[in-house]
Amino acid sequence: MNLMPRPLPFSFYLQDTVSLARALLGQVLCRRTAEGLTAGIIVETEAYLSQDDPACHASRGMTRRNAPMFGPPGRAYVYFIYGNHYCFNVTSGAEGVGEAVLVRALQPLEGVELMLRRRGEAVNLVDLANGPGKLCRALSIDTALNGHDLRKDPLWIAAGRLAHFEVVSAPRIGITQATEKLLRFYIKDNNYVSRRASIERNPGTGD
DNA sequence: GGGAAGATGTTCT
DNA sequence: GAACATCTTCCCT
């Protein structure tokens with residue numbers, strides 16, 4: 001993995017948000033800065049929907065913060081939380097419909113040394129980007145990238161080359177509303193997922 | 001202008 | 001497993 005992988009096309013983002021959250025698993029999030037290239041395989045996501053989802057930032061209409069969620073799909077929605085952390089989302093849904101997919105964890109792929117330097121505290125690969133705040137730190141993602149088109153340098157998503165894998169659905173993490181919805185998705189048995197669910201369900205069966 | 005909550009991470013028990 | 005640091009955003013007065 002040395003060459004810069006090509007970005008996924010705009011058409012990739014033209015699927016419903018839940019499908020996109022699952023489709024993003026296994027794809028590669030790439031970030032270039034003056035320091036170098038860093039990239040990781042997306043292994044965990046969460047869907048935030050416009051309908052019947054009070055946990056979604058867009059559930060009470062558009063504000064200055066969540067404006068990118070109402071823009072075109074395939075853009076970055078980055079916000080600052082808890083005084084310390086950034087969270088990176090991929091906007092989804094048609095323009096005007098506030099939805100997005102939160103990227104929660106990456107399996108480091110490229111630029112590991114640089115990511116280690118940025119994280120500092122992390123002592124091993126597993127802890128490098130296994131959480132939304134951690135991955136933003138590792139890839140140097142902040143609100144300067146809010147609204148950025150994810151087909152373009154210096155932050156883009158490229159097609160991954162993972163072999164077949166199973167997807168698990170589970171409740172979302174860190175929210176206080178709509179906690180029963182199974183809108184978190186991750187790659188089964190992947191060590192870089194932030195937290196495994198006590199009951200691992202297959203999203204295809206509707207269990 | 002003020003207050004409360006928050007899609008977290010770390011540290012301590 | 002629970003507490004808490006930290007500060008921006010949003011909503012209300």
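Naming: A, B, ... by sequence-line order, numbering from 1 per chain.
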Taking Watson-Crick (N1-N3 plus N6-O4 or O6-N4) and G-U wobble (N1-O2, O6-N3), each under 3.5 Å, can you produce the dot-bracket string of DNA chain C? Use [ ] for crossing pairs and | for inter-strand ones. |||||.||||||.
Can you tell me if [X] and [Y] form a side-chain donor-acceptor pair at under 3.5 Å?
{"X": "E46(A)", "Y": "Y186(A)", "result": "no"}
{"X": "S19(A)", "Y": "D16(A)", "result": "yes"}
{"X": "Q15(A)", "Y": "Y13(A)", "result": "no"}
{"X": "S92(A)", "Y": "E99(A)", "result": "no"}
{"X": "R118(A)", "Y": "T33(A)", "result": "yes"}

Between [X] and [N], does any side-chain N or O lie under 4.0 Å from OP1 or OP2?
{"X": "T176(A)", "N": "dA5(B)", "answer": "no"}
{"X": "R119(A)", "N": "dT10(B)", "answer": "yes"}
{"X": "H85(A)", "N": "dT6(C)", "answer": "no"}

How long is the line joining [atom1] of [X] and [atom2] of [N], in whole Å?
{"X": "R137(A)", "N": "dG9(B)", "atom1": "CZ", "atom2": "C1'", "value": "11 Å"}
{"X": "Y86(A)", "N": "dC7(C)", "atom1": "OH", "atom2": "P", "value": "11 Å"}
{"X": "Q177(A)", "N": "dA4(B)", "atom1": "CD", "atom2": "P", "value": "18 Å"}
{"X": "I175(A)", "N": "dT8(B)", "atom1": "CD1", "atom2": "P", "value": "9 Å"}
{"X": "K134(A)", "N": "dT11(B)", "atom1": "NZ", "atom2": "P", "value": "10 Å"}
{"X": "L102(A)", "N": "dT8(B)", "atom1": "CG", "atom2": "P", "value": "7 Å"}
{"X": "R195(A)", "N": "dT8(B)", "atom1": "CZ", "atom2": "P", "value": "11 Å"}
{"X": "D127(A)", "N": "dT11(B)", "atom1": "CG", "atom2": "P", "value": "11 Å"}

Nucleotide of dA7(B), dG6(B), dT10(B) approaching R104(A) most closely (side-chain heavy atoms):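 Selected nucleotide (nearest to the side chain): dA7(B).
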Quick one: which of dA7(B), dG9(B), dT8(B) gets closest to the side chain of I173(A)?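 Closest nucleotide among those given: dT8(B).
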Would you mind telling me which of R195(A), R104(A), R22(A) makes a salt bridge (charged side-chain N to carboxylate O under 4.0 Å, His left out) with E44(A)?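 Testing E44(A) for a salt bridge (charged side-chain N to carboxylate O under 4.0 Å, His left out) against R195(A), R104(A), R22(A) leaves exactly one candidate, R104(A).
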Using a heavy-atom cut-off of 4.0 Å across all strands, would you classify M62(A) as base, sugar-phosphate, or nothing?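 If one applies the 4.0 Å heavy-atom cut-off, M62(A) turns out to touch nothing in the nucleic acid.
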Determine, answering yes or no, if Y48(A) is stacked on dA7(B) under the 5.5 Å centre rule and the 30° plane rule.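 Stacking between Y48(A) and dA7(B): present.
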For residues F80(A) and H85(A), establish whether the separation of their ring centroids is below 6.0 Å.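 No, the ring centres sit 6.0 Å or more apart.
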Can you check whether Y77(A) and Y79(A) have ring centres sitting under 6.0 Å from each other?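 Ring-ring flag for Y77(A)/Y79(A): true, centres closer than 6.0 Å.
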Which atoms of nucleotides 9-13 of chain C (N or O only) lie under 3.5 Å from a protein N or O atom, and what are those distances?
{"residue": "dC10(C)", "atom": "OP1", "partner": "T63(A)", "partner atom": "OG1", "Å": "2.3"}
{"residue": "dC10(C)", "atom": "OP1", "partner": "R64(A)", "partner atom": "N", "Å": "3.4"}
{"residue": "dC10(C)", "atom": "OP1", "partner": "R65(A)", "partner atom": "N", "Å": "2.6"}

Do the charged groups of D52(A) and K181(A) touch, with an N to O distance under 4.0 Å?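 Salt bridge: yes.
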Base dA5(C) paired with Y82(A) side chain (donor-acceptor, <3.5 Å):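 No, the side chain and the base share no sub-3.5 Å donor-acceptor pair.
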Which residues satisfy the side-chain contact (heavy atoms from CB on, under 4.5 Å) test with E166(A), sequence neighbours excluded?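 Per chain and number, E166(A) pairs via side-chain contact (heavy atoms from CB on, under 4.5 Å) with K188(A).
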